[in-house]
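Here the structure comes first, spelled out in C-alpha cells, and everything after it is commentary.
Only this structure's heavy atoms are used, side chains among them; waters, hydrogens and symmetry mates stay out. Convention: sequence-line order gives letters A, B, ...; per-chain numbering from 1.
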There are 2 protein chains.
Amino acid sequence: MTKEIPTTFAQHLADTAGDIARHYFGTPLDIISKEDESPVTKADREIEQTLRDIIEREYPEDGILGEEFGIKESKNGLTWVIDPIDGTKSFTIARPTFGTLIGLCHEEKPILGIIDQPILKDRWIGQIGHQTTFNGKPVSCRKCPDISQAIFGTGSASQISHNDPQRFDRFEAVTRYTVYQGDCYFYGLMANGFIDAIAEDHLGIYDFIALVPIIESAGGKITDWKGLPKTLHGDSTLLACGDPLIHNRFLELI
Amino acid sequence: MTKEIPTTFAQHLADTAGDIARHYFGTPLDIISKEDESPVTKADREIEQTLRDIIEREYPEDGILGEEFGIKESKNGLTWVIDPIDGTKSFTIARPTFGTLIGLCHEEKPILGIIDQPILKDRWIGQIGHQTTFNGKPVSCRKCPDISQAIFGTGSASQISHNDPQRFDRFEAVTRYTVYQGDCYFYGLMANGFIDAIAEDHLGIYDFIALVPIIESAGGKITDWKGLPKTLHGDSTLLACGDPLIHNRFLELI
C-alpha cells in the first residue's frame, strides 16, 4: 500500500448516500400492499447503485462488494464494501440510528471505514495510521479494565444466543447493563467512549468492514468470536471492545 | 374541567428541560469513580427541581408527581407528572432517543402529555379534544388491522417476559418484527404511524401519564395489560396499539 487512502472521495460517497437516505426517511411504510417496494428497499438500491456508478467511473480498477448488487472483482487489490442502509428496521420506523457504511479493503484488510448517520449528520471516519474522527474531531474509546463496569450492546438477546441459549445470560451476568439495537450507531458511540463492548452475529461482510478501522483507530479491539481479525472473507460473528483489556474476558464467555 | 388546558405553559416546561438535558448530554460517564453523580443523575435532578419550582410559582395549587422528588398533593384536582429523563440508559450512551415526559392529570385522568427529545428537537403534544401534534403538525397512528403486519416495539424481551417466559415469544410469533429499546421515542413514532404495538412492564406513573393523551389523540388505544385505562394510580404494565382493532388480539396474547 503506497497509494494514499482516498478519504475525501469516500466522504463524497457518504454525502451522496445521505442525500438519498434523507429523501426516503420518514416515508410512510405501506404495510398492506405487497406490490410496492418499501422505502428502505428503494433507498438501499438507489444508494448502492449510485455509489457503484461513481466508483466505477472514478476508480474503474477497484472492486466493489455491496449488500444489494453483489461483487465486482478488484483488479488492483482495493475493494469498496458498502452497506447502503445498515439498520433497516430502524429506518422503517423512522428512528435515526441507521447509517450508511462505506469500507475499503486492501486485499483482505480493512483500511478505511465511514459510518454516516444522515439525519443527525453524524459521521465517523477511521483509517489506518490516523486517529478516528467524529464530525471532524479525533475521538477515543474509553478505558474499562473491569468487565463489571462495562456497558454492553447488542442487537437483541436472541441475535447472539441462537446456538447457545445461555450466551446472552453469561454476558449480562458480568456486565454493568445492556443496551439494544443501536445499529451501526453503537460502534460510533464506542469510538466516542460511551459503550464498552458489543457482540453480534449473523452479519454480512458489508455489515462490519467499515467498523474495523473506526474501532481500531480509536484504540479498541475488534475481532470475530474466535479472536481472529475481521477481514474481507470473515465469518458472521463480531466482538468489539473499547478497552482491549476486557476483550479476552468476553472471548472466554462466548 | 372548565379551565383551559395550559399547553403553552407545558411547552415552556419542555423548553426549560431541554436546555438542561442538552447541557449534560454527551458528557463522559465516569465509570470508575463512584463518588461523583453521573451526568444522567445530575440532569434528572436538575430538570425535575427546576420544573417543580416553575410549577409551584405559577400554579401553586397544582399537584406534582416526579420521578426524583416524589409527590406534592394537588389542591385543585390537577397534577403534573414529570419524568425528567425517560430512557436513562440511552442518555448514558449518548443515543438521542431518551426524552422528557410532561403529563397533566385532572383527578385520575391524563389530559395533556408532551414527549420532548431535545437533541433531535422533536416534540409530540397530545391533549384531550385535539389531534396530537409532532413539531406543530397534526399526526395519526396508522391502520394495521392484521396483527401479522404489525411492527412490535418493547424495551427488551426480558422486560415483558419476567413472570411468563413465553410471553415475548407469543408476541414475536404473530407480529411482523420486533424493535427494541426505543424509550419514549417509540410512542412518538407510533403517533407518527411507524410502530403498531408496544408492550412494556415495570413502568412508574411518571413513565406513562404523558403518553396516554399522545396515543389516544392520535387515534390509538393505550391501556394496562388487563385492558383498563392508564390513570394516575395505574399499575406498571402498558399496552399501546396504533390501530385499536388489534388491541384485543394483543390482550389475549398477554
| request: Kindly assign one of parallel, tilted or perpendicular to the pair A:Phe98 and A:Phe91, based on the angle between their ring planes and the thresholds 30° and 60°. | output: perpendicular

| said: Which atoms of B:Ser90 are under 4.5 Å from chain A, going by heavy atoms: the side chain, the backbone, both sets, or neither? | reply: neither

| message | Does any backbone or side-chain atom of B:Tyr180 lie under 4.5 Å from a heavy atom of chain A? Answer side chain, backbone, both or neither. | response | both

| message | I need the residue from B:Thr97, B:Ile195, B:Leu189, B:Ile119 with the largest number of non-hydrogen atom pairs under 4.5 Å to chain A. | response | B:Leu189

| field | A:Ala94 portion near chain B, given a 4.5 angstrom heavy-atom threshold | value | both

| request: Report yes or no: does B:Thr100 contribute a side-chain atom to a donor-acceptor pair with the main-chain N or O of B:Ala14 at less than 3.5 Å? | output: no

| query | Relative to each other, are the rings of B:His162 and B:His202 parallel, tilted or perpendicular (30° and 60° limits)? | reply | tilted

| said: Over 60° means perpendicular and under 30° means parallel, so tell me whether A:Phe152 and A:Phe168 are parallel, tilted or perpendicular. | reply: tilted

